[in-house]
Amino acid sequence: MISWIFQLLVFPGLTFFVWIAFAFEWLERKTAAKIQSRVGPLTAGPKGFLQPVADYFKLILKEEIIPRYSDRFVFLYGPPLYFSVPAIGAVFIPVL
């Protein structure tokens, strides 16, 4: 717990980029709503600005439904493994 708080204090850029990502998601949703003649997110926070945060917690708390005849290991760990291979490969690309 203390290390997480320390990291937020030492690396404020991480917090800044997370909030910028939430702001751009909110802006994208409002723009898409305007194009489709809808209102857009208004539920959480002032003018719906905290809607991405609410969506994040909603996705975290969703129930995982695993099909009965599927391989549980592949179903749960397949997508993270699939995306981790290129990410690990990108680590070895030199950046000048």
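Model, not experiment: these values are computed from the prediction.
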Considering only Ile, Leu, Val, Met, Phe, Trp and Tyr, and joining two whenever side-chain heavy atoms are under 4.5 Å apart, list the other residues clustered with Ile65. none
Same cluster (ILVMFWY, side-chain, under 4.5 Å), Ile60 and Phe22: yes
For a side-chain contact (heavy atoms from CB on, under 4.5 Å) with Trp26, tell me which candidate from Lys30, Arg29, Glu28 qualifies. Lys30
So if you build clusters from Ile, Leu, Val, Met, Phe, Trp, Tyr with side-chain heavy-atom gaps below 4.5 Å, do Ile66 and Leu81 land together? yes
Hey, is CZ on Phe17 packed in by over 12 heavy atoms from elsewhere, all under 6.0 Å? no
From Phe83 CZ over to Ile88 CD1, what is the distance, rounded to the nearest 0.5 angstrom? 13.5 Å
Interatomic distance, OG1@Thr31 vs CD@Gln36, rounded to 0.5 Å, equals 11.0 Å
Taking only residues two or more places apart in sequence or in another chain, which ones pass ring pair (Phe, Tyr, Trp, His ring centres under 6.0 Å) with Tyr77? Phe73
Transitive ILVMFWY side-chain link Trp19 to Phe57, under 4.5 Å: yes
